Amino acid sequence: MHSHRTKEVDSVMMQNLRGSLLVVLFVLGVAFQTHGSSKSNYRSRKHVALFIFGDSFLDAGNNNYINTTALDQANFWPYGETYFKFPTGRFSDGRLVSDFIAEHANLPLIPPFLQPGNTNYLNGANFASAGSGVLVETFKGSVISLKTQARNFKKVATWLKHELGSSDAKIFLSEAVYLFSIGSNDYLSPFLTHSALINSHSPQYVGMIIGNMTSIVKEIYERGARKFAFMNVPPLGCLPGTRILKSKGNGGCLRELSALASLHNQALSEVLLQLENELKGFKYSLYDFNTDLTRRINHPSKYGLKEGKSACCGRGPHRGVYSCGGKRGEKQFQLCYKPTEYLFWDSYHLTQGAYKQLAVRMWGYTPSSPTVRPNTIRDLFQIS
């Protein structure tokens, strides 16, 4: 049986708030130091930037600064409680995969592109937006679509040309690594909004998403990008928030949704091979997020976890009701004592501990990992 926090919530909030000012001052200090040292890092030719695109698996807080609802925001307690001690907008109790990748690459935390005062992109930029999809129609009006994220990258590329000069900017952009996690919301949204859009035409729907994604990747390539890293789509029917959609209520996976994820992942694998052959200098790393997450869902103890199916924060069966933080129309929620024992933080997202494990796999510290190919992210950072 797992313990829950109820009366302790207010006192923990006060403790977290007391520590917030010190943490903010520390983060600001790191930011100023980074601003001053970035050019010298770049000039040393050892400096490789990280640009981040996608959805809530990678959003470091862009949705804090757009007109949206709490459904697509995580800027409230208990989000961030494990590491930052205050909410940053990340959909986790702490850091994300992208934060750990930056750490492996000896980069600071990459701030959200929309963060006020963020005007230096020599370490990279994070364009990701929770709820975002490949299709502009996915949660339209509430999120920053991948298409808009690519437009924001264009602004950064222009800034770099002004800052470094055209020739150095071209080298800088070609040496940088471009990390993507996108597609999950394109498949989740029709199920969550009860749309019939994909029920009878799933292969065509997958084709439309892959086609749109390919166009945007090519657009970013045309702006100078050469080294791409992709996370594929997780087993979408096995998340705590989708398990509760099963009509029988037996807590099993929603197979139809996971089947769509598999179709997408197969198509993504094929299109990346095509792009490698078609685009000069195109290098990529494809991380099989789906397989690694499935293993942890089914055998959590093998990975140092106690719970692989239920969320740490939420309500109802598997804590699959998306109520973490009590700001999304559902005020009631339960919170586990030890997020480190859980794979899932809330109905759809992972704990910091889980993201840390996945980042190690993606970076390539594990011997010949079959879930990362044909390059690890470490390879991409080292290829010149």
Side-chain angles (χ1 to χ4, degrees), residues 38-39 41-43 45-55 58-60 62 66 98 101-102 105 107 110-115 118-129 132-136 138 143-183 209-231 268 271-287 375 377 379-384:
S38 294
K39 279 193 181 181
N41 285 346
Y42 166 65
R43 297 296 178 196
R45 287 284 183 235
K46 293 176 182 175
H47 185 70
V48 177
L50 177 62
F51 293 100
I52 300 158
F53 301 82
D55 51 32
L58 299 178
D59 183 359
N62 280 304
I66 64 173
S98 43
I101 295 295
L107 292 167
I110 307 298
F113 172 72
L114 295 181
Q115 182 175 293
N118 178 28
T119 57
N120 185 320
Y121 308 111
L122 290 171
N123 288 316
N126 187 324
F127 305 101
S129 168
S132 177
V134 173
L135 304 180
V136 173
T138 297
V143 301
I144 308 163
S145 71
L146 185 60
K147 190 172 185 178
T148 302
Q149 292 179 37
R151 277 205 299 268
N152 288 338
F153 171 66
K154 180 183 176 182
K155 294 175 187 175
V156 169
T158 301
W159 179 90
L160 286 164
K161 284 178 185 174
H162 180 266
E163 188 77 5
L164 302 176
S166 188
S167 178
D168 276 352
K170 183 178 179 181
I171 295 167
F172 180 92
L173 290 168
S174 70
E175 289 179 344
V177 173
Y178 300 79
L179 175 63
F180 290 76
S181 166
I182 196 76
I209 290 164
I210 292 293
N212 276 269
M213 183 176 176
T214 304
S215 296
I216 293 169
V217 167
K218 283 182 174 179
E219 182 185 324
I220 293 168
Y221 171 90
E222 289 300 324
R223 305 228 173 272
R226 292 295 180 269
K227 300 188 287 188
F228 294 81
F230 297 88
M231 299 171 67
L268 175 62
V271 83
L272 290 176
L273 277 172
Q274 290 170 14
L275 289 173
E276 185 180 40
N277 291 326
E278 181 185 330
L279 303 176
K280 185 180 178 182
F282 182 93
K283 297 267 193 277
Y284 75 93
S285 172
L286 175 58
Y287 173 57
N375 300 289
I377 294 185
D379 292 335
L380 295 184
F381 271 93
Q382 291 176 345
I383 294 168
S384 58

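Only a predicted model underlies this, so the values are computations on that prediction, with no experimental measurement involved.
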Atom NZ in Lys170, atom CG in Leu164: separation rounded to 0.5 Å?
14.5 Å
Answer yes or no: is there a side-chain heavy-atom contact under 4.5 Å between Ile101 and Phe381?
yes
Residue pair Leu135 / Lys147, side-chain heavy-atom distance below 4.5 Å
no
Nearest 0.5 Å, what's the CG-CD1 distance between Asp55 and Ile182?
5.0 Å
Please tabulate, one pair per line, all N/O donor-acceptor pairs under 3.5 Å involving side-chain atoms of residues 152-161, not counting sequence neighbours.
from: Thr158; atom 1: OG1; to: Lys154; atom 2: O; distance (Å): 3.0

Pairwise side-chain contact, Val217 with Val271, heavy-atom cut-off 4.5 Å (strictly under):
no
Does a side-chain heavy-atom distance below 4.5 Å link Thr214 with Gln274?
no
Going by the rule side-chain hydrogen bond (donor to acceptor under 3.5 Å, both in side chains), which residues pair with Asp379 if we only count those two or more places apart in sequence or in a different chain?
Thr376
Is any side-chain heavy atom of Ile210 closer than 4.5 Å to a side-chain heavy atom of Leu268?
yes
Report yes if the side chains of Leu122 and Phe172 come closer than 4.5 Å at any heavy-atom pair, otherwise no.
yes
For Thr138, what residues pass the side-chain hydrogen bond (donor to acceptor under 3.5 Å, both in side chains) criterion, not counting sequence neighbours?
Asp186
According to side-chain hydrogen bond (donor to acceptor under 3.5 Å, both in side chains), who are the partners of Ser98, at least two apart in sequence or on a separate chain?
none
Distance check, rounded to the nearest 0.5 Å: Leu58 atom CG versus Leu179 atom CG?
5.0 Å
Report the distance from atom CG of Asn126 to atom CZ of Phe51, rounding to the nearest 0.5 Å.
11.0 Å
side-chain hydrogen bond (donor to acceptor under 3.5 Å, both in side chains) partners of Glu278, counting only residues at least two apart:
Lys218
Is any side-chain heavy atom of Asn212 less than 4.5 Å from a side-chain heavy atom of Leu146?
no
Main chain of Phe113, side chain of Tyr121: is a donor-acceptor contact present, judged purely on distance under 3.5 Å?
no
Value rounded to 0.5 Å, distance of CG in Asn118 from CD1 in Ile110
9.5 Å
Describe, in one word, how the ring planes of Phe282 and Phe228 are oriented to each other, choosing from parallel (under 30°), tilted (30 to 60°) and perpendicular (over 60°).
parallel
The side chain to side chain contact (heavy atoms under 4.5 Å, CB included) partners of Ile383 (sequence neighbours excluded) come to Lys227, Lys283, Asn375, Leu380
In the structure I gave you, are the side-chain heavy atoms of Leu275 and Tyr284 within less than 4.5 Å of one another anywhere?
no
Which heavy atom of Ala150 sits nearest to which heavy atom of Glu219, and what is that distance?
CB-OE2, 3.8 Å
Output the distance between atom CD1 (Ile171) and atom OG (Ser166), rounded to the nearest 0.5 Å.
10.0 Å
Indicate the atoms forming the closest heavy-atom contact of Ala49 with Gly124, along with that distance.
CB-N, 3.8 Å
With a 3.5 Å distance limit and no angle check, can you tell me whether Ser174 reaches the backbone of Arg226 through a side-chain donor-acceptor pair?
no
Can you tell me if Ser129 and Asn62 form a side-chain donor-acceptor pair at under 3.5 Å?
no
Measure across Ala60 and Pro112 and return the closest heavy-atom pair with its distance rounded to 0.1 Å.
O-CG, 3.5 Å
